[in-house]
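First up is the structure itself, then whatever we jot down about it.
What you see is a predicted model, and the numbers here were worked out from it, not measured in a lab. Here, residue 1 is the first one in the sequence, and each next residue gets the next number.
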Amino acid sequence: MVNKSRFCDVLLICAVIFVGTVMASNAQQPPESQEQREESVRLGFGRFKVALSTVLTMEIIMHLAVIFAYPSGFMDDVRNANTTTGGALLMVLRMEERGQIAPNDISQLLDSLEEMGYAGTASQVHTLFLEHTGNRTMISYRRLPPEQADKMLTFIRELKETGRTLYDKIQPIPYIKEKLYSVDKVFIEVGIEHRDEHGGWKTLSSYYGIFSVAKGSSRIQMIEGDPGYGKSTLALQLVYDWCNAVSDSPFSRPDILIFLNLRQLGGMESIAQAIKQLLLPHDSSLEQHDVEQILSSRNINTLVLFDAYDEYPEQHNADSFVTKILEEKFLRHVDILLTTRPSCIPSVLSSQTGRIRLTGFDETAREQYVRKAVTGDDEEAVQKILEQFKLNPILGDICQAPLFSAMYAHLAHEDNMPYEIRSVTEFFGHMITCFHNHAQNKLSESGKSIEHLQTHANAHAALDKIAFEALTGKMQQLVWDQTLFLRELGEDFYKLYVDVGILVEDEVYDIALGKVAQLKKVVRFYHKLFCEWYAAYHLIKCVKSFRSWFYNFTKNIDPYDLQFVFRFACGLDQAGGSKVVKLVRKKEDGARFAVLCALELKEGSHDILTTVRGIVSSGINIYSADSRLLQRSTIQLLELASQHEIPISQVWLDESFSSVDPDSLPLVLHSGLCLPSLSTLQELVIWTEGGREVTVDAWTGILNYAIHSQLLKELTLGQCLLPWMDSFPTSLDNVQVVWAPRIGKPYSLRSGRWQNESGEILTRGAYDDLTRRSGEILTRGAYDDLVTEFRERWSHTDWQQQRMARRE
C-alpha cells in the first residue's frame, strides 16, 4: 500500500517544482554556465512531469503498466491513491525510475501510447514535453520501420559520442596539454549581429536567435567573423547544446546535428563519405549508404554545420559536394550553418542566405572570460589582468578578438605577457616567445641542454615555406600527412613544435576506395593564424629578394584574404613592410587594408611618413562595421598625418558617427573612439544611418569641428535630417556645406540659407514629389514638408521606429 506521508511528499515536491519552473520561465537571459543549464533542464522536466500527470487517465495508466511489466503491488498502490492525479503522479515517478521518461527523451512513452492506440494522447504529451523543456523527442523517426529506426538511433548516438570528443578538448594555450576544457567552461557570448531585410545590421542578444531571424527562402545561414573572433568556438558550443539537449537552446531541437570542419574535407567526394570517415567510429555498423539514406529523409529535422569555409581546400571547385550544397542543388531540405571569414564568402550563395556576423569581445565579455576560465573567484587576479587592458587601450582593441583575449588572459595570469604592446605583430611575437620559453624552462629544469631549442625557435625557414605555399596554393591545404612534415622539418624540429603546441597532431581514418580503412597521423597548425605568422616570414623574404615576384603575386590574389600574412610581414621587417604597404595600397579598395599594414610598421622607421602620405592622399573611410582596432589604427594614422602637416584629402564616416564631445570637440564614433580635430583635413563626409535625426547639439558640434579644421574646404552630411537653424556662423563662409537628406537631393549652404543646387529632374516616381527648381531657397515651410517626407521615407529604420516608440 502507498504510504500517505510519502504521497504527500510527492505532491509537495511536484508543487515546488512547478512554482520554481514558472519563476524560471520568466528569466530573459540564457543560462551562462553548465550548472545553471542543468538546473534549467531539471526544473523544466519537473514542470513537464506535473503536466503529464494531468493527462494520464486511469485506463491509460493500467495499459502502460501492463506494457512496462510493472508488478501487481505497484498497481494496487495506484488504485488506492485518493485521486486519479495522485495515481498518475506515482506512475510518472515510476516511469522516471525505470528510465522510460528522462529529461532528454520520452520516446519509449510515446511509442507505447501509439502502440496502444492513444495517438492523440501521444501528440499531446509530446507537445507538453516540447513546451516545458524545449527538447524535441524525435517523433519523426519513431514511425520508421524498426531496422531504419535502429540505424537512426545508432547514427545519432555515434554523432553525439564524436561531438563530445570535439567539444571536450578546448585548449586555450597550446602548450598546456594537461589541462583541457569543455567548451561550456570557456564559452562566452561574443557580440553578434544579423543582416535585416534592408541590408542593415541589427544586434542579436544571443546566439540562440540565429535561426529566429528572417533569412528569406534559403535554408542556409552564414556566420562571418574576422580571424580569432570565435567562429569555431561558437560552432562547438552549438554541438555541445545538441549533444546535451540544453533545454533552452534552439540548437538542441534538431533531430540530427552534423559538424564538419571544412579543412578536413579535401578530396572527399560526398558528405556521406565525410561523415562516415570523420564522425563515425571505425567499427560502426553503419555503412556509407546508410548515412546517405538517413540524410535523404525529409521527415528528419537535420542541421549541417560547416565550419571554416575559409580553410576549405576546394573553394574553387565548382563540382565539389560542398559547393553543390551551398548552391542548394543538393540537400535542399536540410538546414545549413556555415562559418567563414568576411574575406571568404562563397560566391555561390543566394541573396536569400541569412547573414550573421560576430563582432568580438567588449569589456564585459572579456571580464566574464577572465573570471570563468582563468582566475575563478580570485578577485585580485581578475583586477590585475583587467588593469593591463586599461593601461593600454591598443591592447584592449587587439583583444577584441576573443582568441587574442583568451591567450593574453591566460599568459598574463602566469606573468608571461607585457602590456606595452603597440601592434598585432608585437602581440603575436611575444606570444610565440612565451610558448618557446615555456618549453625551454621545462627542459632546463630537468638539467638538459636547451641550445637546440633556441636554434629551432629562431630558424624555421622550412616551416615558413610550407605555411606560405599552403595558404597561397590553388587548393588551400592546411592539414598534412605527418610523414611530410617529418621529412621536411626533421624529427627534432617537428617534435619541438608539437610539444610547444604550435603544431597539433590528429588521427584520422583514411578510407581508400575498395580498401580497408587505415588509421594515419596528420598534422596542422593550432590555429590558422599561426600558419599565417610563419607564412609572413617567407613573404617578407621574397619581397626583399624578388620585387617583381611580389608585384606579380599580388596581381593574382586579394591581399585581404591573407590579411594577417601581410600585416605580420609589415611588422617583422620595416623596409620590406613599407614595400608591402605601397603595393597593397594600389589594389582596388586597398586603402583600408593599407592602414592596418602601415600601423604594424614601427614608429620612427625612415619611410613611414611616405607611406602615410600615400594612404591619406586618396581619402580614408571609417565604417561602422570596422573593428575598434581598425578604427583606432585609422585615427592614429590620420593624427600622424596632421602632426606632420600632410594633407588629408577626405575622411568619410560611414554610419560610424555617434556624437560630438561638447568639451574637447572631437567627433565621437559609435565604437566610443574619438576623431580629434585634424588641421590638414580638406573634406569631411558624415554619412549617418538612414533616417537619423541629428540633434541641435550634435549639429552645432559638427559645425564647430569644421571651423577648427583649418584647411577644411567641404563638409557633407547624408541620409540624415538636420535641425532647422535660423543662422550659421560666418566663419563657415569658406567651407562648402552640403546636406543630402536623400540620395539625389543635395542642398548647399549659401549665405546662411539652404539652396538646392542639383538642377536635375528626378525621374523615379518616388522622388518626383521632392523635385525643386534649381536655386530655390529652402524656406521654413518647405523644411517642415521635407521633415514629414523624410520620416515617411525612413519609417522602417531603427532611428524612426525608436522616435515613434518615444512618442507613444
Side-chain angles (χ1 to χ4, degrees), residues 163 166-167 170 183 186-195 201 204 206-211 213 215 218-242 249-251 254 257-266 268 271 274-275 278-279 302-315 320-323 325-327 331 334-350 353-361 400-403 406 476 478-479 524-529 531-532 560-561 563-564 625 627:
L166 295 173
Y167 70 67
I170 302 298
V183 68
V186 299
F187 177 75
I188 298 293
E189 292 242 27
V190 300
I192 186 168
E193 298 175 339
H194 75 95
R195 194 146 202 180
W201 292 94
L204 282 176
S206 168
Y207 71 91
Y208 283 8
I210 287 176
F211 269 108
V213 297
K215 61 177 188 294
S218 175
R219 297 185 71 105
I220 299 177
Q221 287 272 45
M222 178 179 64
I223 300 176
E224 57 190 89
D226 282 330
Y229 268 55
K231 301 180 293 294
S232 294
T233 303
L234 173 59
L236 289 175
Q237 181 64 38
L238 306 187
V239 175
Y240 175 92
D241 288 0
W242 180 69
S249 171
F251 294 95
L257 187 148
I258 295 165
F259 173 86
L260 288 168
N261 192 306
L262 288 173
R263 70 164 174 261
Q264 298 177 304
L265 303 193
M268 298 283 186
I271 188 172
I275 293 169
L278 299 174
L279 301 182
T302 301
L303 170 62
V304 175
L305 207 171
F306 284 135
D307 187 35
Y309 181 80
D310 54 284
E311 299 182 25
Y312 180 44
E314 299 188 39
Q315 294 172 19
S320 75
F321 75 87
V322 172
T323 299
I325 290 175
L326 297 182
E327 288 177 322
L331 293 183
V334 170
D335 287 319
I336 306 293
L337 197 58
L338 174 78
T339 75
T340 188
R341 293 183 178 187
S343 60
C344 193
I345 294 174
S347 60
V348 298
L349 292 176
S350 78
T353 300
R355 291 184 65 177
I356 305 291
R357 74 179 179 193
L358 306 184
T359 59
F361 272 1
Q400 183 179 349
L403 175 70
Q476 192 176 95
L478 298 176
V479 179
R524 59 178 172 84
F525 282 93
Y526 170 78
H527 190 280
K528 188 178 179 182
L529 280 167
C531 185
E532 292 171 313
Y560 203 75
D561 289 344
Q563 64 153 308
F564 276 94
S627 67

From CE (M222) to CZ (R355), nearest 0.5 Å: 4.0 Å
Hey, what do you get for CG (D335) to CD1 (I258), rounding to the nearest 0.5 Å? 11.5 Å
Under 3.5 Å, is there a donor on one side chain and an acceptor on the other for T359 and E193? no
Looking at every non-hydrogen atom in both residues, tell me the closest pair between L326 and V348 and how far apart they are. CB-CG2, 3.8 Å
Yes or no on side-chain contact (heavy atoms from CB on, under 4.5 Å) for Q237 and V183, after CA distance, side-chain angles and deciding distance? CA-CA 6 Å; Q237 181 64 38; V183 68; 3.8 Å; yes
Could you check if a side-chain atom of Y312 sits within less than 4.5 angstrom of a side-chain atom of L265, using non-hydrogen atoms only? yes
For residues A274 and M268, report the shortest heavy-atom separation together with the two atoms involved. CA-SD, 3.9 Å
Reported OH-to-CD1 distance for the pair Y229 and I192, which is rounded to 0.5 angstrom: 14.0 Å
Taking the side chain from E311 and the backbone from L262, do they hold a donor-acceptor pair closer than 3.5 Å? no
Could you walk me through whether V239 and L166 satisfy the side-chain contact (heavy atoms from CB on, under 4.5 Å) test, starting with their C-alpha distance in whole Å, then the side-chain angles of each, then the deciding distance to 0.1 Å, before giving a yes or no? CA-CA 9 Å; V239 175; L166 295 173; 5.5 Å; no
Taking the six-membered ring for Trp and the single ring otherwise, decide whether the centroids of Y207 and F187 are under 6.0 Å apart. yes
Do NZ/NE/NH1/NH2 and the carboxylate oxygens of R341 and E532 come within less than 4.0 Å? yes
Approximate separation, where rounding is to 0.5 Å, of L257 CG and L303 CG: 4.5 Å
Which atom pair, heavy atoms only, marks the closest approach of D226 to Q563? OD1-NE2, 4.1 Å
Shortest non-hydrogen contact between D307 and S232, atoms and distance: OD2-OG, 2.7 Å
Hey, is the main chain of A308 close enough, under 3.5 Å, to the side chain of K528 for a donor-acceptor pair? no
Sidechain-backbone polar pair: K231 side chain, L338 backbone, donor-acceptor under 3.5 Å: no
To the nearest 0.5 Å, atom CD1 of I336 lies from atom CD of Q221 at 11.5 Å
Do you know the tightest heavy-atom contact between L279 and L260? CD1-CD2, 3.8 Å
Compare all side-chain heavy atoms of T233 with those of P402 and state whether any distance is below 4.5 angstrom. no
Measuring from F251:CZ to L238:CG, what's the distance to the nearest 0.5 Å? 4.5 Å
Working note: L337 + F306, criterion side-chain contact (heavy atoms from CB on, under 4.5 Å); need CA distance, chi angles, decisive distance, verdict. CA-CA 6 Å; L337 197 58; F306 284 135; over 6 Å; no
Just so I know, are the side chains of S206 and E189 near enough to count as touching, which here means a heavy-atom distance under 4.5 Å? yes
Where do G225 and P342 come nearest, in terms of heavy atoms and distance? O-CD, 3.3 Å
